[in-house]
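From a predicted model like this one, the values you see are computed outputs, not experimental measurements.
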Amino acid sequence: MTPTLSPGQARRIAVAAQGFAQPRPRAAVGRAHLQRLISRIQVLQLDSVSVAVRAHYAPVFSRLGPYDRAVLDRAAWSHSARAPRLLVEYWAHEAALMAVEDWPLLRWRMRQWPHGRWGSAIVRRNPQLVADVAAAIEELGPATAGQIEAHLAAASGRAGKGPWWNRSDTKWVAEALFASGVLTTATRVGFARHYDLVQNVLPPQVLAVEVDDDEAVRELVRRAASALGVATEADLRDYFRLSAAQAKPAIARLVADGELEPVAVKGWDSVAYLRAGQSIPRADRGTALLCPFDPLIFFRPRVQRLFGFHYRIEIYTPAAQRQYGYYVWPFLLDGELVARVDLKADKQRDALHVVGAFAEPGRRLDRIAVGLAGELASMASWLGLGRITIGDRGDLVDRLRQVGSPDQAIR
């Protein structure tokens, strides 16, 4: 007989699996903390939007509290004998940081994308440019697409753009070589990616590892199951963007081997899967602001199922048509999504600005405002901002002003 979980049990399992039920470190967050967190949640999604803070920094803050972002920068984009590179960029979910040791688990995807993720016609029709870009990086070392293009222009003796290549073409080719595993990111300056040959960035012992494609997919499903706690097939597929053809046999094998247990969750239309030995927390825990690309919430259908929380990012929605705001952070309070906050880091005014704050229907505004004020104060301090300012949108803004904060001036 298939075990049945209540919605509350499923929610508590999922929140705990993502690391929110554990107390935040009292000591300064260091490399070891980051390494343990990555082993739990697997990926930090990258995104170019930087309204409050870039997306890959936020999940670490949400789970571990204020930390020096240089710890993550060094782990992702530098290497030394004392501190080897911990993270590497690839299409693990979307563009994401993942553990260096996990690179071989996605080699099957690199083979699927010999012309890039989108099979660019630019790449297909310019094999010479592909060879030239790789040769330029071999000569230059880590370089941006613009630097590669300038190098090719100088080598060709042209002052301007060539008839069959330009900076846009060079970027397409560099991205295709990134997707196919020839290049990776050596470092970032600002947010600009500096490409380098994979063998110059990753250790030879990692590059030497060969994993059978089916076993690699099974391992990715295992890791997704651990990161999610309880998950449907669709949830497990989405975490590493696997196809149904890949995920179904992997799940079946893991169930047959006793590593996954099918369970029913009341109110869910699909069967769910639980890692063998998974405990069910007895209490709702976890309070944090979640950026739109946090692993707990980046699969929107799952957010609806787990929390009854309809969430869509509105960056591409015209301003007049936005319901909640441009870059909205759901607020997790004691293991439940109870509100959403449109945030902006206003460095010129030295302020974390709450453009709008909205409680979910039926939630207690006073309780939410107290918890949210504390998290906003923590975030403002983490971002080096001296105060919090409150806008006029949403039913929570007046309560936030009333609550104030012992640590930050709220205005």
Side-chain angles (χ1 to χ4, degrees), residues 43 45-49 55 88-98 103-202 207 213 216-217 220 237-247 293 298 313 315-317:
V43 294
Q45 186 171 337
L46 295 159
D47 190 79
S48 60
V49 176
V88 64
E89 292 184 30
Y90 190 62
W91 296 102
H93 174 69
E94 287 296 308
L97 291 167
M98 65 180 190
W103 179 268
L105 296 178
L106 289 163
R107 197 170 273 125
W108 57 267
R109 178 167 286 164
M110 300 170 196
R111 289 193 292 268
Q112 285 183 350
W113 291 342
H115 300 103
R117 187 183 182 192
W118 297 277
S120 169
I122 294 169
V123 179
R124 293 175 184 272
R125 69 173 178 256
N126 289 327
Q128 185 59 52
L129 180 57
V130 174
D132 289 346
V133 167
I137 292 175
E138 188 168 10
E139 183 174 344
L140 289 171
T144 66
Q147 290 168 338
I148 296 165
E149 189 268 342
H151 178 81
L152 294 178
S156 68
R158 298 187 181 97
K161 297 177 180 179
W164 53 270
W165 59 266
N166 55 40
R167 183 171 182 176
S168 177
D169 288 358
T170 304
K171 178 67 173 176
W172 273 105
V173 169
E175 282 297 297
L177 291 171
F178 176 89
S180 64
V182 175
L183 303 180
T184 189
T185 306
T187 191
R188 283 184 181 264
V189 178
F191 199 62
R193 177 183 282 158
H194 288 239
Y195 301 92
D196 201 356
L197 298 172
V198 165
Q199 59 266 32
N200 294 337
V201 175
L202 299 186
L207 295 176
D213 288 3
V217 170
L220 292 172
R237 289 202 323 260
D238 179 77
Y239 211 80
F240 289 104
R241 296 295 168 90
L242 303 172
S243 69
Q246 291 173 305
F293 304 106
F298 58 32
I313 194 165
I315 289 174
Y316 303 109
T317 303

- Query: Does a side-chain N-to-carboxylate-O contact under 4.0 Å join E94 and R241?
  - Reply: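 Salt bridge between E94 and R241, a charged N being under 4.0 Å from a carboxylate O: yes.
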
Looking at [atom1] of [X] and [atom2] of [Y], how far apart are the two atoms once the value is rounded to the nearest 0.5 Å?
X    : Y    : atom1 : atom2 : answer
L129 : L152 : CG    : CG    : 6.5 Å
D47  : I315 : CG    : CD1   : 6.0 Å
L207 : L202 : CG    : CG    : 5.0 Å
L177 : I137 : CG    : CD1   : 7.0 Å
K171 : E149 : NZ    : CD    : 13.0 Å

State, with a plain yes or no, whether a side-chain heavy atom of [X] is found less than 4.5 Å away from one of [Y].
X    : Y    : answer
V49  : F293 : no
V201 : T185 : no
D238 : H93  : yes
Y195 : Q147 : no
V198 : W103 : yes
L106 : M98  : yes
D132 : N126 : no

- Query: Is there a donor-acceptor pair under 3.5 Å between the side chain of H115 and the backbone N or O of A121?
  - Reply: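 Pair absent, no side-chain N/O of H115 close to backbone of A121.
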
- Message: Using modelled atom types and a 3.5 Å cut-off, is there a donor and acceptor pairing between side-chain atoms of Y90 and backbone atoms of A179?
- Response: yes

- Query: Has R109 got its NZ or CZ under 6.0 Å from the middle of the six-membered ring of W91, at an angle within 45 degrees of the ring axis?
  - Reply: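 No cation-pi geometry.
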
- Message: A cation-pi test, strictly: NZ or CZ of R193 under 6.0 Å from the centre of the six-membered ring of F178 and no more than 45 degrees from its axis. Yes or no?
- Response: yes

Provide the closest heavy-atom pair for [X] versus [Y] in the form atom of the first, atom of the second, distance.
X    : Y    : value
T170 : A145 : CG2-O, 3.8 Å
T144 : A192 : CG2-CB, 4.4 Å
L183 : A174 : CD1-O, 3.8 Å
E89  : L97  : CG-CD2, 3.5 Å
L140 : I148 : CD1-CA, 4.3 Å
A134 : L197 : O-CD2, 4.4 Å

- Using a cut-off of 6.0 Å, state whether more than 12 heavy atoms not belonging to E138 lie near its atom CD. no

- Task: Kindly indicate, with the supporting measurements, whether the criterion side chain to side chain contact (heavy atoms under 4.5 Å, CB included) is fulfilled by W113 and W118.
- Result: CA-CA 8 Å; W113 291 342; W118 297 277; over 6 Å; no

- Note on the structure: Partner of D213 under side chain to side chain contact (heavy atoms under 4.5 Å, CB included), picked from Q112, R111, R107, is R111

